[in-house]
2 protein chains.
Amino acid sequence: MTKTAMPGFSPCNNATLRRAARKLSRFYDDVIAPSGLKGTQYGLLYQIYVGSEPAMGTIAEEMVMDLSALGHTLKPLIRDGYIEAFADKDDRRIKRVRLTTQGLAKLEEATKLWSTAQQRFEDMVGRQRAADLRAMLDEVAELDYEVPPAAPSS
Amino acid sequence: MTKTAMPGFSPCNNATLRRAARKLSRFYDDVIAPSGLKGTQYGLLYQIYVGSEPAMGTIAEEMVMDLSALGHTLKPLIRDGYIEAFADKDDRRIKRVRLTTQGLAKLEEATKLWSTAQQRFEDMVGRQRAADLRAMLDEVAELDYEVPPAAPSS
DNA sequence: CACAGATAGTGGTATATGCCACTAATTGGA
DNA sequence: TCCAATTAGTGGCATATACCACTATCTGTG
């Protein structure tokens with residue numbers, strides 16, 4: 001292996017993406033912090049808000065998140081009274097969630113903070129470039145990767 | 001608040017970035033899995049490899065990662081014998097790390113797998129677009145956000 | 001030299017996320 | 001109708017990551 005001096009950070013798309021995510025998350029987290037929410041939690045509340053009492057599986061799919069991970073992440077929000085869960089009327093396997101009154105208030109409070117973070121970020125990179133970046137990232141999140149089986153012999 | 005139908009996933013740059021990171025990480029993780037490493041661990045081994053017995057603080061800075069987070073992440077790799085730590089000769093506060101023989105072998109093994117993931121990803125989005133994306137993400141990771149103090153009165 | 005202040009890491013705690021094994025509920029046949 | 005296969009979530013466990021409080025070192029200055 002050769003130790004080549006790299007332009008930028010690393011040629012690895014994954015490492016680069018994660019690195020940027022760490023940095024940007026910290027920024028949004030810092031700005032949203034006064035509300036008591038983390039950026040991820042804000043996003044989750046928002047996603048639940050825009051959905052119509054979405055099922056957990058639906059949210060997981062939209063957020064490209066593992067279902068069990070979503071369950072774990074939801075817990076603090078339920079514990080703090082921002083979200084409530086209930087079984088679907090027709091299919092009791094399905095668990096739906098909605099914001100509580102308190103959750104909606106918290107979302108509105110956090111949205112004000114979020115706006116300043118969003119604004120500041122877009123002021124720095126440019127509104128259009130931010131939109132382009134999001135489009136590219138949406139695409140990455142939607143790709144159909146098909147991991148090749150290790151032994152496709154069978 | 002108005003529930004507007006959004007193009008793409010969410011207008012939030014942070015949520016979009018994290019979502020893409022989840023998806024891409026799972027892909028790289030899956031491909032690298034046969035080596036027993038996670039994508040993040042691979043990236044860390046690589047970073048240590050290209051550095052010259054880097055100090056933890058240096059790695060944390062390069063990876064835009066919290067120092068304590070790095071410490072936690074390093075533990076399994078040390079436990080498994082891929083990395084070893086030692087105190088800097090001149091400043092005993094500084095802890096440096098290097099790959100063990102085993103760690104180097106593992107890095108080489110994982111690099112073969114990583115290449116297929118990297119290749120497949122770039123085949124899907126295009127080599128140039130991937131490079132553009134990385135450049136944009138590098139920029140995001142390097143931005144100087146300056147969170148405004150809540151009470152800038154002083 | 002002594003000490004206040006700055007630096008580098010550690011450990012604890014909490015959220016973020018994923019995989020796996022398992023349970024509950026539903027559904028599609030035979 | 002009844003059971004095998006499928007679907008939706010849960011709980012346990014492990015890594016990823018952050019912040020905070022604390023310890024161990026250095027360093028600059030009187």
Side-chain angles (χ1 to χ4, degrees), chain A residues 14-15 17-30 32-33 36-45 54-61 63-80 82 85-97 141 147, chain B residues 14-15 17-30 32-33 36-45 54-61 63-80 82 85-97 141 147:
Chain A
N14 182 44
L17 185 50
R18 291 187 73 94
R19 187 172 81 135
R22 282 191 292 270
K23 179 69 167 274
L24 193 61
S25 282
R26 264 196 280 179
F27 170 59
Y28 275 78
D29 276 1
D30 287 346
I32 294 175
L37 294 177
K38 311 295 237 49
T40 306
Q41 299 180 318
Y42 170 73
L44 200 42
L45 288 190
M56 285 187 54
T58 304
I59 300 172
E61 221 173 290
M63 301 192 68
V64 184
M65 181 181 284
D66 179 84
L67 177 58
S68 80
L70 174 63
H72 296 314
T73 303
L74 238 35
K75 266 175 198 166
L77 293 170
I78 291 176
R79 177 199 62 201
D80 296 341
Y82 299 141
F86 58 99
D88 182 277
K89 284 287 179 291
D90 301 320
D91 187 338
R92 281 181 304 170
R93 288 173 303 181
I94 296 177
K95 193 161 102 176
R96 296 182 174 281
V97 292
V147 179
Chain B
N14 183 43
L17 184 50
R18 291 187 72 95
R19 187 172 81 136
R22 282 192 292 270
K23 179 70 167 274
L24 193 62
S25 281
R26 264 195 280 179
F27 171 59
Y28 275 77
D29 276 1
D30 287 346
I32 294 175
L37 295 176
K38 310 295 236 49
T40 305
Q41 299 179 319
Y42 171 72
L44 201 40
L45 287 190
M56 285 186 56
T58 305
I59 301 173
E61 221 174 291
M63 300 191 70
V64 184
M65 179 180 287
D66 179 83
L67 177 58
S68 79
L70 174 63
H72 295 314
T73 304
L74 238 35
K75 267 175 198 165
L77 293 170
I78 291 175
R79 177 199 62 200
D80 296 342
Y82 299 141
F86 58 100
D88 182 277
K89 284 288 179 292
D90 302 320
D91 187 338
R92 279 182 305 170
R93 287 173 304 181
I94 296 177
K95 193 162 101 175
R96 295 182 174 281
V97 292
V147 178

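Residue numbers start from 1 in every chain, and the chains themselves are labelled A, B, ... in the order their sequence lines are given, proteins ahead of strands. On a predicted model such as this, the values are computed, not experimentally measured, just so you know.
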Quiz prompt | Euclidean distance, atom NZ of residue A:Lys38 to atom C1' of D:dT17 [Å, nearest integer] | solution = 8 Å
Quiz prompt | Approximate separation, where rounding is to 0.5 Å, of B:Asp29 CG and B:Arg22 CZ | solution = 13.5 Å
Quiz prompt | Selected nucleotide, minimal atom distance to A:Lys95 side chain, candidates D:dG9, D:dC26, C:dG18 | solution = D:dG9
Quiz item: Hey, does B:Asp66 reach any base, or is it just sugar-phosphate, or nothing, if we go heavy atoms under 4.0 Å?
Solution: base
Quiz item: Taking only N and O in the side chain of A:Arg26, is any of them less than 4.0 Å away from OP1 or OP2 of D:dA18?
Solution: yes
Quiz item: Starting at CG of B:Asp29 and ending at C1' of D:dT15, how long is that distance when rounded to a whole Å?
Solution: 10 Å
Self-check item: d(CE, B:Met65; P, C:dG9) in whole Å
Solution: 14 Å
Quiz item: What is the distance, rounded to the nearest whole Å, between atom CD1 of A:Ile78 and atom C1' of D:dG9?
Solution: 12 Å
Quiz item: Any side-chain N or O of B:Arg18 under 4.0 Å from OP1/OP2 of C:dT17?
Solution: yes
Exercise. Identify which nucleotide among D:dG12, C:dA8, C:dA16 has an atom closest to any side-chain atom of B:Ile94, counting heavy atoms from C-beta outward.
Key: C:dA8
Exercise. Could you check how far CD1 of B:Ile59 sits from P of C:dA8, rounded to whole Å?
Key: 14 Å
Exercise. Select from A:Arg93 and B:Asp90 the residue whose nearest nucleotide in DNA chain D is closer to the 5' end of that strand.
Key: A:Arg93
Self-check item: Approximate separation, where rounding is to 0.5 Å, of B:Ile94 CD1 and B:Arg92 CZ
Solution: 12.5 Å
Exercise. Could you tell me the separation between the CD atom of A:Glu61 and the P atom of D:dT7, rounded to a whole number of Å?
Key: 12 Å
Self-check item: Among C:dC19, D:dA16, D:dC20, the one nearest B:Ser68 by side-chain distance
Solution: D:dC20
Quiz item: Given atom CG of A:Leu45 and atom P of C:dA16, what is their separation to the nearest angstrom?
Solution: 11 Å
Quiz item: A:Arg79 near the nucleic acid: base, sugar-phosphate alone, or nothing, with a heavy-atom cut-off under 4.0 Å?
Solution: sugar-phosphate
Self-check item: Point-to-point distance, once rounded to the nearest 0.5 Å, from CG of A:Asn14 to CG of B:Leu24
Solution: 5.0 Å
Quiz item: Considering all heavy atoms of both residues, which atom of B:Arg19 and which atom of A:Ala141 are nearest to each other, and what is their separation?
Solution: NE-CB, 3.9 Å
Quiz prompt | Whole-Å gap separating P (C:dT10) and CG (B:Leu70) | solution = 9 Å
Quiz prompt | Derivation and outcome, side-chain contact (heavy atoms from CB on, under 4.5 Å), residues B:Leu77 and B:Leu37 | solution = CA-CA 9 Å; B:Leu77 293 170; B:Leu37 295 176; 4.2 Å; yes
Quiz item: Quick one: is A:Lys75 getting a side-chain N or O under 4.0 Å of the D:dG11 phosphate, OP1 or OP2?
Solution: yes
Practice problem: Verify the contact: side-chain N or O of B:Arg92 to OP1 or OP2 of D:dC26, cut-off strictly under 4.0 Å; return yes or no. | Solution: yes
Quiz item: Hey, does the side chain of A:Arg22 come within less than 4.0 Å of D:dT17's phosphate (OP1/OP2), counting only N and O?
Solution: yes
Practice problem: Looking at every strand, decide which applies to B:Leu67 at a 4.0 Å heavy-atom threshold: base, sugar-phosphate, or nothing. | Solution: base
Quiz prompt | hbond_proxy B:His72 side chain to C:dG9 base (donor-acceptor, 3.5 Å cutoff) | solution = no
Quiz prompt | Spatial distance of atom CZ (B:Arg26) from atom CE (A:Met65) [nearest 0.5 Å] | solution = 9.0 Å
